Amino acid sequence: MDETPISRGFRSRRKQQAPKDRLPPGQYVTTDFPVLSAGPTPQTNHQDWTLALQLGGSLLGKWSWEEFEALPQTTVRRDIHCVTKWSKFDTTWQGVTFDDLLKAAGLAEPPEPYIMAHCDGGYTTNIPVEDLIDGKGMVVTRYEGLPIAPAHGGPARLLVPHLYFWKSAKWVRRLRFMEEDERGFWESLGYHNYGDPWKEQRYDGD
Amino acid sequence: MTEIETLAAPARRLEWQPVEVREIIVETFRVKSLLLHAPRWQGHLPGQHVDIRLTAEDGYQAQRSYSIASPPEDDLLALTVEKVDDGEVSPYLVDDLRAGDRFELRGPIGGYFVWTVATPGPLSLIAGGSGIAPLMAMLRHRARRNVRNPALLLYSSRSLEDVIYREELDAMARGDPHLRVVHTLTRKQPEGWTGHRRRIDRELLAEASFPPEQAPKIFVCGPTSLVEAAASLLVDLGHDPLKIKTERFGPSGWTP
């Protein structure tokens, strides 16, 4: 390896350094909430919205907006980390945990070890079930107490905050159990298959 | 969208590589292009970006992503950087960086917001501000390869002085009857300006894009507000959402 070139005169402009145990490597803290998506923002009305839980060709559960709203609601406060380098601290989300979705579908335990999330607009992302259970993953409908704006993934998005934020897929409509892992949209386009921000798994091979 | 691929063997890691600044081009009052010598560069596709990493004397490091503005045909890699006043990296790149300086980058990154001359059909590009950079890589690539598919750039800037690559775009359009460049200046227009003077709206998009029947490949890049507006208007106009590829930058409230 070459020596890392020093940028003469470059220095941190941050007034306060974020604590190292809170900011993953290569990230910076923003107070804004940037928007990143590969295409136009889908506009889905509540009356047209459903969320499905699927295994192979069969439906394990399906909820209308009203039915989903009637499921046990959980509110969490989490830090989020985008692969494009920004992190945002203390974001508050409300929705239904993956555990409660399984319960609502009458499942004692997850039938397969992987999930593919399918979204309006054709976006997909793959996540190990292990990273969704025990409160680690949710389908959320409110951000800071308000309905999530379409540009930020509303009416409902996935929330898996311990992975890079592209895994928290916007406009989620269907969660499909898979026996074997498959790659989703960004995962097929050079991004890391798992995406742990603490290991800086941004791109394939990281 | 894309075919789901089976899990392949782990790809080679995109390693950090040293680059040297060969030349700095002043594009506008706030924007410069950095022409970089990257001896280990393996090539890229128009539309892709890189991560750059700066290291301070005390070891502090900062990473940011920038689109590549140069076509794959060029020897030097061009990054076009707009200065964000309260930013940490862009003021350094725009104000302090000199030819001969070195830093690190890795890439290319991104395989979706990409166009090459192998893609048939009309090409519709919509840019706001420095969002022109990855689209310029596509136009330069098209020009270097002498490809003459119908192409159209709708480019929104605050004023004429803020138009990046203005002379090059003019020259490109003059030399190519199949390329049309339409400017709109949203804040300030020079005296005698006969062009558009408003933000991109439905009418402007309908006039300065190909009709849905021609199934153009559409790329929109700019601040979030412009991209959100343009992309949903294009869907309203009848374009297939899957043919519209977007790239957004800047804070969510930023407007050109």
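Here the structure is a predicted model, which is why all the values come from computation and not from measurement. By convention in this document, chain letters (A, B, ...) are assigned in the order of the sequence lines, proteins followed by strands, and residues within each chain are numbered from 1.
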Review point. Does the ring of A:Y28 carry B:R64 above it, NZ/CZ under 6.0 angstrom from centre and within 45° of its axis?
Key: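 Here B:R64 passes the 6.0 Å and 45° test against A:Y28.
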Exercise for review: Could you tell me whether B:D101 and A:R8 have a side-chain N and a carboxylate O separated by less than 4.0 Å?
Suggested key: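 A salt bridge is present here (some side-chain N lies under 4.0 Å from a carboxylate O).
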Practice item. Answer yes or no: is there an ion pair linking A:R11 with B:D96, defined by an N-O contact shorter than 4.0 Å? Key: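 No salt bridge links A:R11 with B:D96.
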Would you say that more than 12 heavy atoms from the other residues, nucleotides or ligands in this model lie under 6.0 Å from the [atom1] of [X], or not?
X	atom1	answer
B:Q42	CD	no
A:E67	CD	yes
B:D75	CG	no
A:E130	CD	no

Check your understanding: Is there side-chain contact between B:I244 and A:P40, with heavy atoms separated by less than 4.5 Å?
Key ->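 Answer yes - side chains close enough.
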Exercise for review: Check whether any side-chain heavy atom of B:D51 sits under 4.5 Å from a side-chain heavy atom of A:Y203, and report yes or no.
Suggested key: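 Of all side-chain heavy-atom pairs linking A:Y203 with B:D51, at least one is under 4.5 Å.
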Does any heavy atom of chain A fall under 4.5 Å from the side chain of [X], the backbone, both, or neither of them?
X	result
B:E228	side chain
B:F103	both
B:H239	neither

Can you name the closest pair of heavy atoms from [X] and [Y] and give their distance?
X	Y	value
B:A56	A:F10	CB-O, 3.1 Å
A:P5	B:E104	CD-CG, 3.7 Å
B:H49	A:Y191	CE1-OH, 3.6 Å

Check your understanding: Which region of A:W186, side chain (C-beta onward) or backbone (N, CA, C, O), has a non-hydrogen atom less than 4.5 Å from a non-hydrogen atom of chain B, or is it both or neither?
Key ->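 Contact with chain B involves the side chain of A:W186 alone.
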Review point. Does the side chain of A:Q43 pick up a donor-acceptor pair with the side chain of B:S232 at under 3.5 Å?
Key: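 No, no side-chain donor-acceptor contact under 3.5 Å.
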Practice item. Walk me through it: do A:F185 and B:Y112 pass the test ring-ring contact (aromatic ring centres under 6.0 Å, His included)? Key: CA-CA 9 Å; A:F185 178 75; B:Y112 185 65; 4.8 Å; yes
Choice from [options] maximising heavy atom contacts with chain A below 4.5 Å:
options	value
B:A231, B:P108, B:G59	B:A231
B:I109, B:L97, B:D86, B:V114	B:I109
B:R98, B:E57, B:R106, B:K245	B:R106

To the nearest 0.5 angstrom, please state how far the [atom1] atom of [X] sits from the [atom2] atom of [Y].
X	Y	atom1	atom2	value
A:S12	B:Q61	OG	CD	12.0 Å
A:D206	B:L14	CG	CG	7.0 Å
B:R248	A:T84	CZ	OG1	12.5 Å
B:R53	A:T4	CZ	OG1	6.0 Å

Point to revise | Backbone of A:S37 reached by a side-chain donor or acceptor of B:T246 within 3.5 Å | key: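 Indeed, once roles are kept as given, a pair shorter than 3.5 Å links the two residues.
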Review point. Any donor and acceptor pair, going by atom type alone, linking the side chain of B:E88 with main-chain N or O of A:R13 inside 3.5 Å?
Key: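 Indeed, once roles are kept as given, a pair shorter than 3.5 Å links the two residues.
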Review point. Under a 4.5 Å heavy-atom cutoff, which of A:E180, A:R202, A:Q27, A:E187 has the most pairs with chain B?
Key: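 Looking at each option in turn, the highest pair count goes to A:R202.
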Practice item. Step by step, work out the side-chain contact (heavy atoms from CB on, under 4.5 Å) result for B:L54 and A:S7. Key: CA-CA 6 Å; B:L54 300 183; A:S7 286; 3.6 Å; yes
